[in-house]
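Notes follow the structure.
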Amino acid sequence: MNKRKIGISLAAAGVVTALAAAGGMYIGSMIYKTWMGLKTEPAVGMLWKYWQHIDQLPENMIFPLKAATVVAGLVPLLALMIMLVAVFAKPKRELHGSARFANRAEIAKAGLLRNKFDDHESPDLLIGKFKGKYLRWSDNGFVYLAARTRGGKGVGFVIPNCLHFRHSMVVNDVKKENFLITAGFRAACGQKVFLFNPSGTMPYHERDKSAPLVSHRWNPLTYVRREVKYTYKDALNIASIFYPLPTEDRGSAKFFQQESQKLFTGLLLYLIETEDERDLSLPENRTTLANLLRLTVPTNGKTLQEWIREEIELRALKPESQLSRNCQTLLLGFANGNSRTGGDILSTMNAPLAIFLDPAVEAATSGDDFYLDDIRRELTTIYLGISPEEVKIYGTLLNLFFSQLADVNSRQGLPQDNHELKYQCLLMLDEFTALGRIQAIEKGVGYLAGYGIRPAIVFQTPSQIEEVYGKAAKNNFFSNFSCRLIFSPREQDEAEEMSKVIGYETYKAKSTSRSRGKSSSSSNSVSDQKRAVMNPDELKIMPDSDCVISMTGTRPIYAEKIIYWKDPVLSKRANWPVPNIPELVVTTQPKSPPQALKPEYVSPEDMASFRWQDAANADELAHALLSALVPPGSSPDFVAELVPVVAKNWGEGSLPVIAKILKETSDIDVAEADKEEKAA
């Protein structure tokens, strides 16, 4: 017990003792009155008055007065002893635990029932309701929610906080409903609102296929710092996200991932180091992931290995255009390798980048409408609009987004060292495991809170975390979260785990045993038994309107969910008109329509020197010429006379070709015609 609590307890003990002293004096006066048969009414000060005149009292009144006074003194002394024991005695420890749900006083003591918060305090999250009052958690700690599909994660946690959290937010908006429901209100509260929507589609595109694609833009390569001392590290960091090394050494997989990292980094360094040589106002010249992928297919018909060697040799002739040593080392390491192995490396590198050739994705990553290093400087909300069927396609892209968000903001330093960083940023990571392994979040849970980055992760089952991050990382991961929301589970193992989290209580069980015989007897016994506060089966049938909140430093709380559309405050904030989303400038190269061939005049001089056999369409010319010279039904004499002339003109070895064409076009057998000619 700390000094403050001891001081409060001792003060309370003093008050109780004083009241007990007054009560003791009154009890003593009652005893004295009854003993002596006095008509005076009992009073607190009665004994004191008699003591003032003790020398005038008869002998028979003195002993009863002393006895009554002793009784009056014992009452406050006994009360004081009880209070001191209560303060300093160790609490009784139950054999199997004494877990229970928190009561209203304990919830209020945890600061969850407050209505107002100062500007310097951490913005509060809505985590539930207790008897109709919001449970508002003002802290910089992390929170996670595991609930089954259709378990109310969105309507009961994600959307309520999008309509309430007063600082910056980044929301993984799997169905784009969070944007449509909450963006209007957040914009009206002075937030800068953005929607990064790589597919460009919105729900209304189902009704209007011709509607333009819309999204705000984010170019991940903007965050590769152009200062030489940082460029290589930042480029390699992006490469490690696209090509993560396997946790286990599975044959050649690790080798190809490592080599892909090197090639990607080399090509990215090339793009950055040659920016001064290109007109960056043109989309095809910008430093983007789509243009990096196009580098792998040189336009001059050479292979990538040949192009790299030629490019570096040409730049060696002009010292001012030479690439950095790191860039040359990485590119030549690929170019000078085995061509077959190089093809496999190139295929591995291109695989996760193919999505950037999608016209909408390319447009959405071609520039910047918002900057990740502004979210703690300005009130900003960024929604990441990804449909459920698109999560697998854009998973790596989202992984890169959140990794850059964590890295960029940790570079800016701690808020106490940079007074421009005035706001906290809540990362609302719905469908967290679909994003893949985000090392910046995995490693950052131990320090991100200090930088004002506050993850709130939402997923279906803890086993999903284990599948993505591994068992050891899962345990370390969850140990850094100070708040857990428990919705009704579906699977038995989940229910058992949650039951253990809530805890166990000890209860007294009575048992009776009887013996029969000549002298029957019975005996009763009481024993301590263990019971979960909520058994797994009770958790599985918990009403969908309820939840359990497990927090560090307080007992678990049995609470009600906040369903935004049922809530009188939040329902009025929902579905306001959303801010405008810019159209994507999508550039495509449609296939050219077939062009009709136009005849052109050829002079006699050119014809004299022209060998038709060398033409690209020589076979078509031969068919057309013979069809015109020998129409169907021509006489054998005519054919026999014409064929030798044509064969002589066409050159040696042409007779079989002529015979084949005439058979196909005019059904004339040259050999038969020749026989008839000789017979005549």
Side-chain angles (χ1 to χ4, degrees), residues 1-116 130-133 503 505-510 524-529 533 553-558:
M1 186 180 293
N2 58 39
K3 292 182 179 180
R4 183 173 179 272
K5 289 184 177 179
I6 292 175
I8 293 173
S9 300
L10 290 177
V15 172
V16 171
T17 303
L19 293 174
M25 294 295 287
Y26 186 81
I27 293 172
S29 66
M30 289 181 63
I31 294 173
Y32 190 60
K33 176 200 171 187
T34 304
W35 194 336
M36 299 304 301
L38 303 175
K39 296 181 178 181
T40 307
E41 290 297 323
V44 173
M46 176 179 170
L47 295 180
W48 173 246
K49 290 180 180 179
Y50 275 93
W51 273 102
Q52 287 180 317
H53 304 284
I54 191 169
D55 54 342
Q56 300 175 11
L57 293 177
E59 188 69 26
N60 64 331
M61 294 182 68
I62 294 176
F63 178 76
L65 177 62
K66 291 180 179 180
T69 303
V70 170
V71 172
L74 288 175
V75 172
L77 182 61
L78 181 62
L80 178 61
M81 290 178 64
I82 292 173
M83 288 296 296
L84 291 176
V85 169
V87 171
F88 294 103
K90 291 184 178 180
K92 181 183 177 182
R93 297 184 63 183
E94 299 287 356
L95 178 62
H96 299 294
S98 54
R100 59 175 173 79
F101 288 119
N103 56 38
R104 185 184 185 87
E106 291 167 330
I107 295 172
K109 184 179 178 182
L112 299 178
L113 296 176
R114 296 170 59 189
N115 292 322
K116 294 183 179 180
F130 184 79
K131 296 183 178 179
K133 291 202 67 175
E505 61 181 341
T506 302
Y507 71 97
K508 303 293 184 182
K510 294 182 179 180
N524 297 321
S525 62
V526 178
S527 61
D528 287 341
Q529 298 294 325
V533 175
T554 188
R555 294 183 181 276
I557 302 168
Y558 193 91

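Numbers here simply count residues along the sequence, with the first being 1. Everything numeric in this text was worked out from a predicted model, so none of it was measured.
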With side chain to side chain donor-acceptor pair (under 3.5 Å) as the rule and sequence neighbours excluded, what pairs involving residues 69-78 come up?
W51-T69
Test item: L38 and Y50 side chains (from C-beta on) under 4.5 Å apart, heavy atoms
yes
CZ of F130 to CZ of R104: how many Å apart, nearest 0.5 Å?
7.0 Å
Are M61 and M36 side-chain neighbours, meaning at least one heavy-atom pair lies under 4.5 Å?
yes
Measuring from atom CE of M46 to atom CG of L65, what distance do you get when rounded to the nearest 0.5 angstrom?
9.0 Å
Working to the nearest 0.5 Å, report the span between NZ of K131 and CG of L113.
10.5 Å
side-chain contact (heavy atoms from CB on, under 4.5 Å) between N115 and K133: does it pass, once the steps are laid out?
CA-CA 9 Å; N115 292 322; K133 291 202 67 175; 3.9 Å; yes
Taking all atoms of both residues into account, what is the closest heavy-atom pair of A72 and G24, and its distance?
CB-O, 3.1 Å
Flag side-chain contact, heavy atom, 4.5 Å: I557 against L112:
yes
Main-chain N/O of P42 paired with Y32 side-chain donor or acceptor, under 3.5 Å
no
Quiz: residues 10-22 side-chain donor-acceptor pairs under 3.5 angstrom, not counting sequence neighbours:
residue, atom, partner, partner atom, Å
T17, OG1, A13, O, 2.7

F101 CZ to E505 CD distance, which is reported to the nearest 0.5 Å:
9.5 Å
